[in-house]
Each structure stands twice: as structure tokens, then as C-alpha cells.
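Contents: one structure, followed by commentary.
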Amino acid sequence: MQLAARNAHMAGEGGDGWAILFRAREMIAAGQAVTMLTIGEPDARTDPKILAAMHASAMGGNTGYTDIAGQRALRAEIAARVGARTGVATRPEQVIVTPGGQAALFAAHMALLDAGDTGLYVAPFYPTYPGTIRAGGAQAVAVPTRPENDFQPEAATLDAAARATGAKTLLINTPNNPTGVLYGRETLEGIAEVCQRRDLWLISDEVYDTQVWEGAHLSLRALPEMAARTLVIGSLSKSHAMTGARIGWIVGPEDVVEALHQLAINTTYGVPGFVQDAALFALQQGAAVEARNAAPYRRRRDIAARVLAGSQAVRLIHPAGAMYVMADIRATGLSGDAFAHRLLAEERIGVMPGESFGAAAAGHLRIALTQEDGLLEAALARLRAFAEALLP
Ligand code: PLP
């Protein structure tokens, strides 16, 4: 008896960042004080008011099967939100509610790619991306970006990859995990042009769209001619610290949403109604609450910029959004992996090696801004001193 080949096929191609995480957890279990700047989970817990809305909904009886594409009121709220953010009129029929952004990424690729098709994704990348594309039998091809260009995708590189592979989809993420960069208008216009020239579907992962520190978040869906070929992925995991609730969405053309509905009938069969009611309540709290939730990461981004300013050993990639900063430590002569292992062993600070997000981030570290300010500042000062001591 054999397992399906797709299980092996799904395995990622980033380095083994988990090794750091597991080692750090072992050290903590053995009583050592480790500062964890590894995982991308808000350090705040879900607002009790959201939990109260969830409780009231469940106690009120919303515990049965729900509308599989999502409750009407929530689809309408998401349509209004994405419509307002992109300037593209959006109807509830263009929205499907999913159990989180990850399930949305999976469903989007399942709906658009047949086995043997090619899906592109930008590297460095969120580690699930290649496996998500491959799960349905498609080929996943990374399109690298360069630290010298602040990891912004370059249209010529994308175009060459699309032409060479005959790809059908392109997956992007802005604000970006792991780099903390925000794609500017020029970058997005370049991507839009490639999508049109090469007839690509664009899957736009915007789960960090409330965490923007400079300028404004711009969705590719807002660019001319793009709404008809773009699926926007959203989630309340980061904006409302609702990682455990598993609630997200896809917004796209109605015929794609209809296909996604069929997929949901055969997979998730919808998202719990009480979670959807809590999500509706959360979204109705408005932009001020979202800005308040994002504020700690902005403050900590500023702390990181201040503590690491002027270092010859640690150079920050310009961080403009999301809850991470990416640091270039190539001047120390160590790989990101070697640096992260030594930092953990010698300074008891856990960070993710750049290599775990693909070779494009080799010689870098991803630092999650998910510890309170004082702890983060002290850890970064030690990281800087550690790196500088390694300089030749
Ligand atoms: N996309 C990116 C870039 C992420 O960083 C994450 C989570 O860390 C997700 C998607 C998935 O988020 P969730 O499934 O919790 O909505």
C-alpha cells in the first residue's frame, strides 16, 4: 500500500527553518530564557469583544451548516471592504469565505491550475507557497527578487519566467512576508503588464494589508484591466489577531467564485457560522480598530530601524509593512542558517534564517516583531553586537 505521490510533491523547498524553532522550543522547555522572534503570529490575543460576538452567535443557535460560500452579510461586508480598498465595485457574489488565508491560497490554485500547469510565485516566499501550488499536481516555479532591489519583483525577470514556463498563474504578496517590503506602484504596474502580456491569472495575497507603515497599500486589483484576472486573498488572522478562528476570503470574478463554491462543497463545506458572525463583528469595528491592532508592529519596526541603524554587519531591507523585518547579515561571512543557529545557541535569540524562505534570501534573517517593545529592543541590540563581533 502506497501513499499518493503528491505528499512528497508538496514538501517545500525552503531550508529547514523549523530546526531553529524546534531547538528554541526545546531550550525553553529546559528552562532557558529564549527571546522568540521566529513565528508570524500576533502577540496580542483576539479581542474579548470579538469572542463575545462568537459566543453570542453560537449560543443563539448558529451552530449548524452554513451557506457554503459564506453568510450573505459577511460576503457583503467583505465585498464593500475590498471594493472600497480597490476602487472596483464588488458584489457579494464575487466573494467566498474560507477557513483562513491558507485555505484561500489552496482553493485559488486548485480552481485555476490543472495538473501539469505551471504556477509562478515570488521568492523569497511564505513557506507554504510552493507546496500549495503543487498540491493539485501543478509545477511551482519561483521567480527570484534581489536584496539590491529591496526584494521588489522585476518585470523583466517575471516576464522571462512566464514566457519560459508558459505559466498560468502568478502569486504575489504585498505587504510581504518574509521581507517586510511593500510593492510600490511602479512594481505593480510592471507586474500588471506582464500578467496581461502573458495572460496570467494573478493571485494577490493581501493578508497584511492593514499593516502598512509607509504610503498606502495598493492592490493589483485596482489597476486598469486587472480585476478580471485577479483573485485577492484576505484574512482576519493578522488584522484582528484571529489566527485560531481560521477565517479568510477570496474576492475575484464571479465565474471563479462559482468554481470555488463547487470546490468548497467538496472540501470544507463552509466555515462555522459563529466564526463568520464574529468576523462580521470584527470587520464592522472599522479602520480605527485595525490601525490600533497594527500600531505595535509599526512601533517595533521603528525600534528595529533605530537599534540597527549604521551597523556594518546588519543591514535592514527597507521595512514598509507587515510584522517582520529582514536583515542582511552577509557581511558577517555566515549564512543565514549558520548565523541563526549560533545566535540561538550563544545569545538565546530565535530568528528565522532567510534560507527557509528560499535561496533568494540566503545570508539574511527574518525577524518577527512579535515580542513586546523592551524585549525586542534588548534582543536586537544583542543581535547587533553579536553580528559586529563576527566582522572580519
Ligand atoms: N499568506 C501569508 C503571506 C502569511 O504570512 C500567512 C500566515 O502567516 C498566510 C497567508 C495565512 O494566514 P491564515 O491562514 O492564518 O489566514
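Read the numbers this way: they start at 1 and go in the same order the structure lists the ligands and their atoms.
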R298 side chain vs W213 backbone, donor-acceptor pair below 3.5 Å: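 Present.
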Can you list the atoms of ligand 1 that are under 4.0 Å from a heavy atom of [X]?
X    : answer
S237 : 13 (P), 15 (O), 16 (O)
G100 : 14 (O), 16 (O)
D205 : 1 (N), 2 (C), 3 (C), 10 (C)
Q102 : 11 (C), 13 (P), 14 (O)
K238 : 7 (C), 8 (O)
R246 : 13 (P), 14 (O), 15 (O)
N173 : 3 (C)
S235 : 13 (P), 16 (O)

Audit row: H217, Q211, side chain to side chain donor-acceptor pair (under 3.5 Å) steps and yes/no: CA-CA 9 Å; H217 171 68; Q211 300 179 350; over 6 Å; no
Distance-only donor-acceptor pairs under 3.5 Å for side chains of residues 276-285, two or more places apart:
{"unit_1": "Q276", "atom_1": "OE1", "unit_2": "Q71", "atom_2": "N", "d": "2.8"}
{"unit_1": "Q276", "atom_1": "NE2", "unit_2": "V271", "atom_2": "O", "d": "2.9"}
{"unit_1": "D277", "atom_1": "OD1", "unit_2": "Q71", "atom_2": "NE2", "d": "2.9"}
{"unit_1": "D277", "atom_1": "OD2", "unit_2": "S57", "atom_2": "OG", "d": "2.6"}
{"unit_1": "D277", "atom_1": "OD2", "unit_2": "N62", "atom_2": "ND2", "d": "2.8"}
{"unit_1": "Q285", "atom_1": "NE2", "unit_2": "F281", "atom_2": "O", "d": "2.8"}

Passing option when T90 is tested against R75, R81, R221 for side chain to side chain donor-acceptor pair (under 3.5 Å):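 Among the candidates, only R221 passes.
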Heavy-atom nearest option to atom 13 (P) of ligand 1, drawn from P178, G244, G101: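 Nearest heavy atom to atom 13 (P) of ligand 1 lies in G101.
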Minimum non-hydrogen distance to atom 4 (C) of ligand 1, winning option of Y324, Y129, Y126, W249: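 Going through Y324, Y129, Y126, W249 one by one, Y126 has the nearest heavy atom to atom 4 (C) of ligand 1.
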Check against side-chain contact (heavy atoms from CB on, under 4.5 Å), F125 and N177: CA-CA 7 Å; F125 52 87; N177 176 13; over 6 Å; no
Contact with ligand 1 for V207, non-hydrogen, under 4.0 angstrom: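 Flag set, V207 near ligand 1.
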Ligand 1 contacted by E41 (non-hydrogen, < 4.0 Å):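 E41 does not count as a contact of ligand 1 under the 4.0 Å cut-off.
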Steps toward side chain to side chain donor-acceptor pair (under 3.5 Å) verdict (T145, Q152): CA-CA 6 Å; T145 55; Q152 298 272 331; over 6 Å; no
Atom CD of E186 with >12 non-hydrogen neighbours under 6.0 angstrom: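 No, because the 6.0 Å sphere around CD of E186 holds 12 heavy atoms or fewer from other groups.
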Over 12 foreign heavy atoms within 6.0 Å of CZ, R146: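 Check passes, neighbour count above 12.
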Check: T118/Q139 side-chain N/O donor and acceptor closer than 3.5 Å: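 Distance-only check fails for T118 and Q139.
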Heteroatom proximity flag, T243 to ligand 1, N/O under 3.5 Å: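 Looking only at distances, the answer is no, because the N/O contact criterion of under 3.5 Å is not met.
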